[in-house]
Amino acid sequence: MFNDLKRIIKLCYTVLGVTLLLFIVSCEDDDHDHEEHTDAEGFILENSSGNQVYKEFKGTQTGSVALTAGETLELTVHFLGDDGKELEHDDHEGEEEEGELKVSGFNSSIATVEVEEEHDDDGDEEEHEMALEIKGVSAGSTGFKLELMHDGHADYTSTNNVPITVK
């Protein structure tokens with residue numbers, strides 16, 4: 001009887017040990033996956049002069065995009081961390097940087113919004129910024145949602161639509 005009890009206790013410890021080991025290993029894999037995602041809390045849109053046109057940070061927005069019909073604006077996108085400072089681009093060997101931009105929700109009869117990749121003046125593809133090209137089509141107001149996509153899902157989605165006014 002005591003031998004059966006000892007075997008049952010030993011079996012319980014073995015099952016508990018294996019379960020604990022599997023739990024620890026699975027937690028380590030989850031932490032690794034999080035390192036590859038961008039933890040943005042907002043973003044800034046800047047014009048070619050480096051002036052801030054629009055900012056969204058933790059749900060609060062300031063500014064708007066204004067242009068005339070027929071005008072084209074190029075705006076760079078800078079994502080912000082929890083501290084409100086710009087997130088640095090991380091280059092991973094053999095991988096794209098942190099993801100790609102996606103825009104949606106704008107009324108194309110008023111303005112079009114397209115994602116473009118900007119390269120530095122020397123044409124060096126190692127250094128590039130995320131950018132948007134906004135074209136005024138006709139007078140009116142519209143807006144767009146901005147998303148930072150990574151591996152088929154959004155790492156960041158704008159809380160508000162970025163307002164556009166075309167005169």
Side-chain angles (χ1 to χ4, degrees), residues 27 29-167:
C27 287
D29 287 345
D30 286 347
D31 289 342
H32 176 71
D33 288 344
H34 291 295
E35 291 174 10
E36 296 175 9
H37 297 282
T38 302
D39 249 348
E41 292 293 328
F43 64 96
I44 294 174
L45 299 179
E46 289 183 349
N47 62 19
S48 58
S49 302
N51 296 323
Q52 179 180 306
V53 172
Y54 178 84
K55 177 180 180 180
E56 178 177 296
F57 182 64
K58 294 187 177 182
T60 302
Q61 67 184 62
T62 55
S64 64
V65 177
L67 67 164
T68 59
E71 182 181 5
T72 299
L73 286 178
E74 290 189 17
L75 303 175
T76 55
V77 181
H78 306 276
F79 286 94
L80 306 173
D82 192 47
D83 58 0
K85 294 181 181 176
E86 183 177 351
L87 293 173
E88 296 296 319
H89 294 275
D90 288 333
D91 288 325
H92 300 289
E93 230 177 271
E95 296 180 18
E96 290 185 24
E97 286 198 4
E98 68 279 347
E100 63 180 38
L101 292 177
K102 178 181 173 185
V103 292
S104 61
F106 58 88
N107 181 340
S108 61
S109 66
I110 296 173
T112 60
V113 184
E114 295 180 4
V115 175
E116 66 175 33
E117 191 172 308
E118 281 201 357
H119 301 283
D120 69 3
D121 292 337
D122 298 329
D124 184 0
E125 292 187 29
E126 292 295 315
E127 301 225 3
H128 68 275
E129 298 180 316
M130 293 185 190
L132 302 174
E133 183 177 87
I134 302 174
K135 294 179 184 178
V137 177
S138 65
S141 296
T142 187
F144 66 92
K145 177 172 58 171
L146 180 70
E147 294 178 292
L148 178 62
M149 303 300 292
H150 181 85
D151 287 339
H153 69 275
D155 274 1
Y156 177 81
T157 301
S158 60
T159 309
N160 307 288
N161 281 344
V162 177
I164 302 172
T165 303
V166 180
K167 296 179 183 178

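The first residue of the sequence shown is numbered 1, and numbering continues consecutively from there.
Looking only at side-chain heavy atoms (C-beta outward), Thr62 and Gln52 come within less than 4.5 Å of each other. Residues Leu73 and Val65 are in side-chain contact: their nearest non-hydrogen atoms beyond the backbone lie under 4.5 Å apart. Contact annotation: the side chain of Val77 approaches that of Leu101 to within less than 4.5 Å [non-hydrogen atoms, C-beta and beyond]. For the pair Lys55/Thr60, no side-chain contact is recorded, criterion being any heavy-atom separation below 4.5 Å from C-beta on. When side chains are defined from C-beta on, Gln61 counts as touching Pro163, because their heavy atoms get closer than 4.5 Å.
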Verdict with reasoning, Glu116 to Glu74, per side-chain contact (heavy atoms from CB on, under 4.5 Å) = CA-CA 9 Å; Glu116 66 175 33; Glu74 290 189 17; 3.2 Å; yes
Criterion side-chain contact (heavy atoms from CB on, under 4.5 Å) on Lys145 and Thr157, from CA distance to verdict = CA-CA 7 Å; Lys145 177 172 58 171; Thr157 301; 3.6 Å; yes
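The closest side-chain donor-acceptor pair between Asp155 and His153 falls under 3.5 angstrom. Side chains of Ser109 and Asn107: a donor-acceptor N/O pair is present below 3.5 angstrom, by distance only.
Here CZ of Phe144 is found 5.0 Å from CG of Leu132. Values are rounded to the nearest 0.5 Å. To the nearest 0.5 Å, atoms OG (Ser104) and CG (Asn161) are separated by 7.5 Å. With rounding to the nearest 0.5 angstrom, the CD atom of Glu114 is 5.5 Å from the NZ atom of Lys135. Separation of atoms CG (Leu45) and CE (Met130) is listed at 12.5 Å; rounding is to 0.5 Å. Interatomic distance, CG of Leu80 versus CZ of Phe57, reported as 6.5 Å (0.5 Å rounding). To the nearest 0.5 angstrom, Thr112 atom OG1 is 7.5 Å from Glu133 atom CD.
For the side chain to side chain contact (heavy atoms under 4.5 Å, CB included) with Leu75, the lone residue among Val53, Ile44, Val113, Val162 that qualifies is Val53.
The minimum heavy-atom distance linking Gly81 with Glu41 is given by the pair O-CB, 3.8 Å. For the residue pair Ala40 and Tyr156, the shortest heavy atom distance occurs at O-CD1, 3.5 Å. Closest approach of Ser141 to Thr165, counting heavy atoms only: OG-OG1, 3.9 Å. The two atoms that bring Ala111 and Ile164 nearest to each other are CB-CG2, 4.0 Å, heavy atoms only.
Within 6.0 Å of atom NZ in Lys85, 12 or fewer heavy atoms from other residues, nucleotides or ligands are found, so the atom counts as exposed in its surroundings.
Side chain of Asn160 to main chain of Gly59: a donor-acceptor pair is present (N/O by atom type, distance under 3.5 Å, no hydrogens or angles). The backbone N or O of Thr159 sits less than 3.5 Å from a side-chain atom of Glu56, completing a donor-acceptor pair.
Between Phe79 and Phe43, the ring-plane angle classifies as tilted under the 30° and 60° cut-offs.
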